[in-house]
Amino acid sequence: MSAKLPLEFVVDAVCPVTGARAGRIITQHGEIPTPVFMPVGTQATVKAMAPFELEEIGAKIILSNTYHLHLRPGGELVRAAGGLHNFMRWDHPILTDSGGFQVFSLASLGRISDEGVVCKSHLDGSTHVMSPEWSMETQLHLGSDIAMCFDQCAPYPCSREEAEEAVRRTTLWAGRSLDAHSRGIEEAPHQALFGIVQGSVHEDLRLRSAAELIPLDFPGYAVGGLSVGEPAEEMYRILDVLNPVLPATKPRYLMGVGRPDNLVEGVARGVDMFDCVLPTRNGRNGTLLTPEGAMNIKKKQYERDFSPVDTECDCYACRTFTRAYLRHLYRAGEILAMRLCSWHNLRYLVRLGERMRAAILEGTFPEFRREFHARFRAPEAS
RNA sequence: GGUGGGAUGGCCGAGUGGUCAAAGGCAGCAGACUGUAAAUCUGCCGACACCGUCUACGAAGGUUCGAAUCCUUCUCCCACCA
């Protein structure tokens, strides 16, 4: 099935109890069944994983990052390489983040105004100007299937004024993003642009943000500015508020969320797409996702544990190796430890998406959700 | 046989009279990580009755109010000379 528009979204089933959706996002690089977890490949690579391994894992779409690729190797170079798909040899859908998150995560290096962000490169200190127009031009050069609006992500906690300012600016920038994207679209006619709702943990600001963006008729809507340190309950409350107002016919993307329990609760609140660095970062740091919660493979208790990480997991690491071996590899500083732990964590989350989709299609999502939480030990709230 | 250098907490290695239970690194143990400045960061790391006491800087003895630090002897290691 090929998309006539840059992107189409088909809803296959909706859970009558929760509103959880099973759907398909159809792009020119392939179809993405939802709910979906998207591995993050900031620098045109999912750290420690080769593209064929991501295919083996079942990843249907990956992320990359406009800011990081702009600094190195540069959007123009990627365009000269035949676009990001060809450059990194991933012939499936790609979503690029706009650089908006770096305005937040690298705030100490930059100065923000309505015009955009002037910031110092974290690589060499050189000065760069980021704006909606810059972000759109760069993302069109990259040629991703889904581009994101340049937005402002407020920190948590922040004052109401600060959150309100971020909403106002995000709306302003969404309009400029859309204009710039429309002007340049012939460079990447397959590219869809998603809007991003901000508003921190304030329900009225979230509703305002959504109300201001919906008329722009983006083909998909993201919820940004969550999972930045707020308690999970706050995140769920905001999703509850947005669920009824975001267009039901368009995919919804909860940005930056990757804790398994957050994924399940997000889906229960109508979210279709997630991305997170957690499986790869935690994988490199020796923390593994299991149905019981996080497990740290470095711990002494696994020294002589010759069972797999997760007996229910079908990933290469769990099919093949023992906890004792992974612990040994990690302690020995071997690259394979990071690869296998990332491999497992990615498969765990991709499979979690697959399982939720199957449950929604079968009409058993409420049971799935209940059974998931009965086993999963969430980390203590900080 | 002679001369010189050295022996410090599991390992490496600072420290040359008090502010030393002894820097730093490694190893070890535990914790964190949510649109990636992260193969990173944080804490603990002599014993215990743990805001205190005890045992500790090769061994034994000595000087001193006070020694890992100064003196004597011994043991072992390294370098060079014979």
Side-chain angles (χ1 to χ4, degrees), chain A residues 37-49 61-69 71-72 95-110 119-125 135 144 146-154 156 170 194 196-198 222-232 234-235 253-263 265-266 271 273-289 294-303 327 329-342 345 349 378-382:
Chain A
F37 177 78
M38 309 183 283
V40 178
T42 302
Q43 310 209 62
T45 172
V46 175
K47 294 186 192 297
M49 305 302 297
I61 172 172
I62 63 173
L63 247 69
S64 199
N65 184 278
T66 303
Y67 169 80
H68 288 281
L69 292 181
L71 290 186
R72 184 173 57 194
L95 182 153
T96 42
D97 189 25
S98 62
F101 187 72
Q102 278 63 45
V103 176
F104 157 79
S105 67
L106 301 174
S108 60
L109 300 174
C119 73
K120 300 278 188 198
S121 160
H122 68 281
L123 296 175
D124 61 10
S135 180
S144 52
I146 300 173
M148 300 303 298
C149 281
F150 191 65
D151 67 328
Q152 182 180 350
C153 173
Y156 181 91
T170 294
F194 279 21
I196 306 176
V197 174
Q198 289 291 343
V223 180
L226 291 177
S227 64
V228 289
E230 80 285 356
E234 297 281 277
M235 179 167 88
Y253 164 25
L254 179 54
M255 307 184 81
V257 166
R259 245 175 53 189
D261 51 329
N262 296 163
L263 252 65
E265 290 311 294
V271 176
M273 309 160 70
F274 304 86
D275 81 284
C276 194
V277 305
L278 186 134
T280 43
R281 178 182 289 167
N282 280 13
R284 290 194 305 283
N285 293 330
T287 302
L288 292 154
L289 300 171
M295 108 177 225
N296 191 332
I297 199 63
K298 294 178 273 192
K299 286 166 77 76
K300 185 166 184 66
Q301 69 182 99
Y302 304 121
E303 186 174 29
R327 175 176 135 97
L329 289 180
Y330 193 90
R331 284 166 22 107
E334 286 293 338
I335 295 171
L336 186 58
M338 286 177 275
R339 281 176 38 68
L340 292 174
C341 291
S342 298
N345 283 345
L349 290 180
E380 306 269 326
S382 52

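Each chain gets a letter, A, B and so on, in the order the sequences are listed, and its residues count up from 1.
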Test item: A:R284 side-chain N/O and A:S342 main-chain N/O as donor-acceptor pair under 3.5 Å
no
Suppose we define a pair by two distances each less than 3.5 Å, Watson-Crick or G-U wobble; what does B:G10 pair with here?
B:C26
Pairing check on B:A39: which nucleotide meets the Watson-Crick or G-U wobble criteria with it, both distances under 3.5 Å?
none
Return the value, rounded to whole Å, for the distance between atom CG of A:L226 and atom C1' of B:U34.
11 Å
B:G58 pairs with, by Watson-Crick or G-U criteria that keep both distances under 3.5 Å:
B:C74
Write down the distance separating the P atoms in B:A27 and B:A22, rounded off to the nearest Å.
23 Å
Gap in Å between the two P atoms, one belonging to B:U55 and one to B:A60, rounded:
13 Å
Base, sugar-phosphate, or nothing: which does A:I196 touch, judged by heavy atoms less than 4.0 Å apart?
base
Closer to the 5' end of RNA chain B via nearest nucleotide, is it A:Q301 or A:V228?
A:Q301
Say we look at B:U3 and B:C48: how far apart would their P atoms be, to the nearest angstrom?
47 Å
Atom CZ of A:F37 and atom P of B:G35 are separated, to the nearest Å, by 9 Å
Taking the P atom of each, how far is B:C74 from B:C12, in whole Å?
27 Å
Scoring nucleotides 36-44 of chain B by protein non-hydrogen atoms under 4.0 Å (B base, S sugar-phosphate only, - none) yields BBBBB----
Given that both distances must come in under 3.5 Å, which nucleotide forms a Watson-Crick or G-U wobble pair with B:G66?
none
A:F274: ring-ring contact (aromatic ring centres under 6.0 Å, His included) partners, not counting sequence neighbours:
none
NA contact type, A:Q198, heavy-atom cut-off 4.0 Å: base, sugar-phosphate, or nothing?
base
Work out how far the C1' atom of B:C20 is from that of B:G15, and round it to whole angstrom.
9 Å
Measure from CZ on A:R259 to P on B:C33 and round the result to the nearest Å.
8 Å
Using purine N1 to pyrimidine N3 plus N6-O4 or O6-N4 for Watson-Crick, or N1-O2 and O6-N3 for G-U wobble, each under 3.5 Å, what pairs with B:C20?
none
Round to the nearest Å and state the distance from A:E230 atom CD to B:G35 atom C1'.
13 Å
Restricting to ring-ring contact (aromatic ring centres under 6.0 Å, His included), what partner residues turn up for A:F150, sequence neighbours left out?
A:W173
Does A:H68 form a ring-ring contact (aromatic ring centres under 6.0 Å, His included) with A:F101? I'd like the steps, not just the answer.
CA-CA 11 Å; A:H68 288 281; A:F101 187 72; 9.7 Å; no
State which residues pass side chain to side chain contact (heavy atoms under 4.5 Å, CB included) with A:I335; sequence neighbours excluded, sorted by chain then number.
A:R339
List in chain and number order the residues that pass salt bridge (charged side-chain N to carboxylate O under 4.0 Å, His left out) with A:E234, two or more places apart in sequence or in another chain; answer none if no residue qualifies.
A:R237
In whole Å, what separates the P atom of B:A21 from that of B:U69?
14 Å
Taking atom P in both B:C11 and B:A23, compute the distance separating them and give it to the nearest angstrom.
16 Å
Rounded distance in Å between the P positions of B:C33 and B:U42:
15 Å
Does B:A79 have a Watson-Crick or wobble mate here (both distances under 3.5 Å), and if so which one?
B:U3
Is the distance from OP1 or OP2 of B:C29 to the nearest side-chain N or O of A:R331 less than 4.0 Å?
yes
List the atom pairs, donor and acceptor, that lie under 3.5 Å between side-chain atoms in residues 225-232 of chain A and the rest of the protein, sequence neighbours left out.
{"residue": "A:S227", "atom": "OG", "partner": "A:G256", "partner atom": "O", "Å": "3.2"}
{"residue": "A:E230", "atom": "OE1", "partner": "A:S227", "partner atom": "N", "Å": "3.2"}
{"residue": "A:E230", "atom": "OE1", "partner": "A:V228", "partner atom": "N", "Å": "2.9"}
{"residue": "A:E230", "atom": "OE2", "partner": "A:S227", "partner atom": "N", "Å": "2.6"}

Kindly say whether A:D97 contributes a backbone atom to a donor-acceptor pair with the side chain of A:T66 at under 3.5 angstrom?
yes
